[in-house]
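First comes the structure, then the notes that go with it.
Per chain, numbering begins at 1; letters A, B, ... match sequence-line order. The analysis underlying the following values was restricted to heavy atoms, covering all of them including side chains, and did not include hydrogens, waters or symmetry mates.
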Amino acid sequence: MENSTTTSKKVLVVDDEKDVSVYLSRVLEEGGFRTTCAADGEEALRAVERERPDLITMDLSMPKLSGVRSYQTLRSRPDLASIPVIFVTGITGIGGARDTERFYRTRRQVPPPDGFIAKPIDPEKVIDLARKLTSARREEPVTLCKT
Amino acid sequence: MTALAYEQPTHDFSAANLSSERLFDAVPYWITIQDRDLRVVNASARLIADFGNHLGEQCYVAYKNRTEPCSECPLQRTFEDGQEHTSQEALFDARGMPRHVLAKTAPVRNHAGEIAAVMKVFVDVTEIRTLQNELAGLGQLIGEIAHDAKNILDGLQGGIYIVNLGFGKGNQEDIRVGWGMIQRNVGRLSSMLMDMLYCAKKRSPRRMPVSLPVALREAVELFTPRARQFHIDLQLKAADEVEILGEPEQIHKLISNLICNAIDACRADPEKQGAHCIVAAVSRDELDAIIEVEDNGIGVDTATRNGMFTNGTTTKGSAGSGLGLLLSQKVASEHGGAITVRSEQGKGSVFTVRLPARHPKSVIS
């Protein structure tokens, strides 16, 4: 039943590492989602305008416009602010300090994101989280995200 | 020269023929005596030897190339409260080289007990600071490498996941895509480890004649498709033959790293999208062969530029660990040369490699 409710949901996967994008997309497709990808923050904002996704997974460290900045922009736009955003981060591992710092800096300026996916990616957790966030959103009266 | 002109000697050193002036100059530290206008009224011989004679000049002009006093001046504070104060400062010596110092100030009083001058003693901690910077840089480099390795692991894990899906469903396309990811990331891991090993090892390169125009042309041809993919105009400027003695594979790697870096710097710059240009040139002067790779990409600020060859600082976002530039510098140095960079944020960078040129008479035609 859950599968059927998520079949039409669209996820925008934002990551400058192509292999991570492919991996996450494939995981989400296995969970019944449709996916589209963006390779940096600027491309992501254009894709959000165009695709109006039901969920966004956002890498934090990216060239051009970082995930944090893109997230801030999304949250500042009333028509886009309700789209759930998941940060994809190496926050729990060695070398994740940079991402952690950016996250905490963000937390002081804007509300926290709707969820985190820590690398290495756990496919089951990703699907569970994506279903939870898109299901919750279905019940909201907001219809701004429809194209 | 009277070292302490503001008070009479209080000890008799006549037996050892030691005047206060000689004692002052014998102290193994840099010392200045300064007045309320911050002018240097006296300086120890060692300070004059290393920094030049700046008696009568203000300290911030003489030793710091500044036009105004420093915001936190321990000397002024000592004049104000009569207490000793310490500071960490960077001075420029007579050769223009930065010297990091720990400085301590103390009041010099006249007979009436008034502060007539302030003595400032400097301890040179440049070597300690250099070591600190190198250690900090090493930590940063390890972090960058770990980040890169994590991305590779993600790619491998993703490849395995998709291959497994393919086997489970009998889907050849999934197997092809997943296997491609595994191959690509094994390649990246292998390349990263080889770069790390190269950076860690001391070695002397073989000395074979290497034609730089040929090496540059090969690298440009190799990267032209990638440059075109991102609408970057990659140009080659190599007229006459310029040869060096060295290891062809390593020279190829050095040039490839610089071009690859330039492409990434252009990609990271959205402002000039479609108008990016990279020029790879080779020339020579009296002594050196000169390779220049110039791009009009994103450029870097001074701090990033300073860290480029010590801690793997990169302009690539998450696309690279910055190991490439460290490796390039190592290759250049092992061939008796060096790399320098000029860069301006938002405008672009020029990497210049100078290597000892092979004498034209010995060039094999």
Residues B/Q157 and A/I121: closest non-hydrogen pair is NE2-O, 3.4 Å
Heavy-atom check, side chain of A/P120 versus side chain of B/D154, under 4.5 Å: yes
Which atoms of B/L165 come close to chain A, meaning under 4.5 Å heavy atom to heavy atom: side chain ones, backbone ones, both, or neither? side chain
Reported CD1-to-CD distance for the pair B/I162 and A/E30, which is rounded to 0.5 angstrom: 9.5 Å
Under 4.5 Å heavy-atom distance to chain B, tell me which part of A/V20 shows up: side chain, backbone, both or neither. side chain
Test log, rule side chain to side chain contact (heavy atoms under 4.5 Å, CB included), inputs A/K119 and B/N151: CA-CA 9 Å; A/K119 292 177 183 174; B/N151 282 336; 3.6 Å; yes
For B/F230, is the CZ atom crowded, meaning more than 12 foreign heavy atoms sit under 6.0 Å from it? yes
Below 4.0 angstrom, N of the basic side chain to O of the carboxylate: do A/R26 and B/E173 qualify? no
